[in-house]
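For reference, the structure is listed below as structure tokens.
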Amino acid sequence: MTIPTTLLSSGHPMPLLGLGTWPLDDHASARAVESAMGLGYRLVDTASRYENEVGVGQGLAASGVDRAELFITTKLRGADQGYDATRDALHASLDRLGLDYVDLYLIHWPLPRLDRYVESYRAMIDLAAEGLVRSIGVSNFREHHLDRLIAETSHVPAVNQIQLSPALARTDLRRYLTDRGITVEGWSPLGQEEGVLTEPVIQEIAAAHGRSPGQVVLRWHVQQGIVTIPKSASPERQRSNAEIFDFALTEDDMARIAGLDRGEDAARDSDEHEEF
Ligand SMILES: NC(=O)C1=CN([C@@H]2O[C@H](COP(=O)(O)OP(=O)(O)OC[C@H]3O[C@@H](n4cnc5c(N)ncnc54)[C@H](OP(=O)(O)O)[C@@H]3O)[C@@H](O)[C@H]2O)C=CC1
Ligand SMILES: O=C1CO[C@H](CO)[C@@H](O)[C@@H]1O
């Protein structure tokens, strides 16, 4: 199956749907990535912190898919923030992945108390100029982090990967991002921790369309131009999660799903979150 793309501000197309790989280890991620590639996935989301980049690289190699067709994202962990450390970290990620470049490199969390995200981002701008990274972006950044990053570097990130599901719809943050041409990518898109898949509204809409609750929730993302990266180790669920481009939710469906939003305060606090 062919997965549609969205155009990043950097000029590069990014698939609207990809495979998440946390918390898969090397062995499990190699299997999951190879299976997803066989189904037509081309975007894979990993991170230095997931400690599975070797497995992701093995899965990509085993799939035999041309490098030019792939879209590989990895992330800079907190422990590696800083100008020189960021450069070293990207080289180490490329070695583990067995790649010459990644398509997207993200700062995993802002970690404002470290106060190193601006210099880390400057290193990423340089890595992009050197061709080691196609597009650069951030993850878990709020408006005030982005205001500062953009003011101090005069560079607008291509992507912000944020916790996002019908229960955490992040409408104000999404408007801020869209207004600046920053593509929104959602993590934990199925809202499992918030019980989204068992919400009666989701189940009713799924039944009405003859789809699964997971397909309805993932359709809710891509129908709004949000890049979504559901993780599944199961080839069956990988297939089902990708079969969302042949139906549409109605305006009434979207309005009913909007009622599930718990508001910004229910999302993980990017200022308090300290994960290195
Ligand atoms: N930037 C960041 O800080 C973060 C980034 N991420 C990224 O986002 C990705 C996705 O987020 P994640 O937290 O994994 O959450 P997901 O919303 O992708 O949920 C994954 C869980 O749901 C199960 N699942 C997958 N498909 C279905 C389905 N159709 N119906 C029912 N259950 C299903 C999976 O199990 P099974 O494998 O058995 O199918 C797994 O247990 C991560 O893998 C990671 O790459 C995640 C968290 C934070
Ligand atoms: O990327 C990540 C994977 O999931 C973890 C648990 O939700 C996150 O904390 C982490 O940032």
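Contact detail for Val56 and Val33: the closest heavy-atom pair is O-CG1, 4.0 Å. Taking each heavy atom of Val217 and Pro166 in turn, the nearest pair found is CG1-CD, 3.8 Å.
Listed for the Gln163 side chain is a donor-acceptor partner under 3.5 Å among the backbone atoms of Arg268. Panel note: side chain Asp253, backbone Thr250; a donor-acceptor pair is recorded below 3.5 Å. For His221 (side chain) and Leu218 (main-chain N/O), no donor-acceptor pair under 3.5 Å exists by modelled atom type. No side-chain donor-acceptor contact under 3.5 Å links Gln223 to the backbone of Ala248. Using a distance-only test at 3.5 Å, with no hydrogens or angles considered, no donor-acceptor pair links the side chain of Ser188 to the main chain of Gly191. Side chain of Glu119 to main chain of Tyr83: a donor-acceptor pair is present (N/O by atom type, distance under 3.5 Å, no hydrogens or angles).
Under the side-chain contact (heavy atoms from CB on, under 4.5 Å) criterion, Ala167 pairs with Ser165, Glu194, Val196, Arg262, not counting sequence neighbours. With sequence neighbours left out, Asp25 forms a side-chain contact (heavy atoms from CB on, under 4.5 Å) with His27, Ala28. Taking Glu69 as the reference, Arg42 meet the side chain to side chain donor-acceptor pair (under 3.5 Å) condition, with sequence neighbours excluded. Legend: residues meeting side-chain contact (heavy atoms from CB on, under 4.5 Å) with His155, ordered by chain and number and at least two apart, are Tyr121, Ile125, Ile136, Thr153.
By the neighbour-count criterion of 12 heavy atoms within 6.0 Å, atom CD of Glu193 is sparsely surrounded, having that number or fewer from other residues, nucleotides or ligands.
Linking ILVMFWY side-chain heavy atoms closer than 4.5 Å, directly or via other members, places Val216 and Ile226 in a single hydrophobic cluster. At a threshold of 4.5 Å between side-chain heavy atoms, the hydrophobic network of Ile, Leu, Val, Met, Phe, Trp and Tyr places Trp22 and Ile162 in two separate groups. In terms of hydrophobic clustering, with Ile, Leu, Val, Met, Phe, Trp and Tyr side chains grouped at heavy-atom distances under 4.5 Å, Tyr41 and Leu24 are assigned to different clusters.
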Give the C-alpha distance, both sets of side-chain angles, the deciding distance and a yes or no for salt bridge (Lys or Arg N to Asp or Glu O under 4.0 Å) between Glu51 and Arg77. CA-CA 11 Å; Glu51 297 184 346; Arg77 64 192 297 164; 3.7 Å; yes
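Applying the salt bridge (charged side-chain N to carboxylate O under 4.0 Å, His left out) definition to pairs two or more places apart or across chains, those involving residues 100-112 are Arg67-Asp103. Residue pairs that meet the salt bridge (charged side-chain N to carboxylate O under 4.0 Å, His left out) test with at least one member in residues 124-135, sequence neighbours left out, are Arg87-Glu130. Within the structure, the side chain to side chain donor-acceptor pair (under 3.5 Å) test picks out the following pairs touching residues 230-243 (sequence neighbours left out): Ser35-Gln238. Applying the salt bridge (charged side-chain N to carboxylate O under 4.0 Å, His left out) test to every pair with at least one member in residues 200-221, sequence neighbours left out, gives these pairs: Glu204-Arg256, Arg211-Asp246. Legend: salt bridge (charged side-chain N to carboxylate O under 4.0 Å, His left out) pairs involving residues 165-180, not counting sequence neighbours, sorted by first then second residue: Arg170-Glu264, Asp172-Arg175.
Counting Ile, Leu, Val, Met, Phe, Trp and Tyr side chains that sit under 4.5 Å apart, directly or through other members, Val54 stands alone, with no cluster partners.
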Show every donor-acceptor pair shorter than 3.5 Å between a side-chain atom in residues 106-117 and any protein atom, with sequence neighbours excluded, or say none if there are none.
| from | atom 1 | to | atom 2 | distance (Å) |
| --- | --- | --- | --- | --- |
| Trp109 | NE1 | Glu275 | OE1 | 3.2 |
| Arg113 | NE | Glu274 | OE2 | 2.8 |
| Arg113 | NH2 | Glu274 | OE2 | 3.3 |
| Asp115 | OD1 | Arg148 | NH1 | 2.9 |
| Asp115 | OD1 | Arg148 | NH2 | 3.1 |

Table please: side-chain donor-acceptor pairs of residues 3-21 below 3.5 Å, with sequence neighbours left out.
| from | atom 1 | to | atom 2 | distance (Å) |
| --- | --- | --- | --- | --- |
| Ser10 | OG | Ser135 | OG | 2.7 |
| Thr21 | OG1 | Asp45 | O | 2.7 |
| Thr21 | OG1 | Asn52 | ND2 | 3.3 |

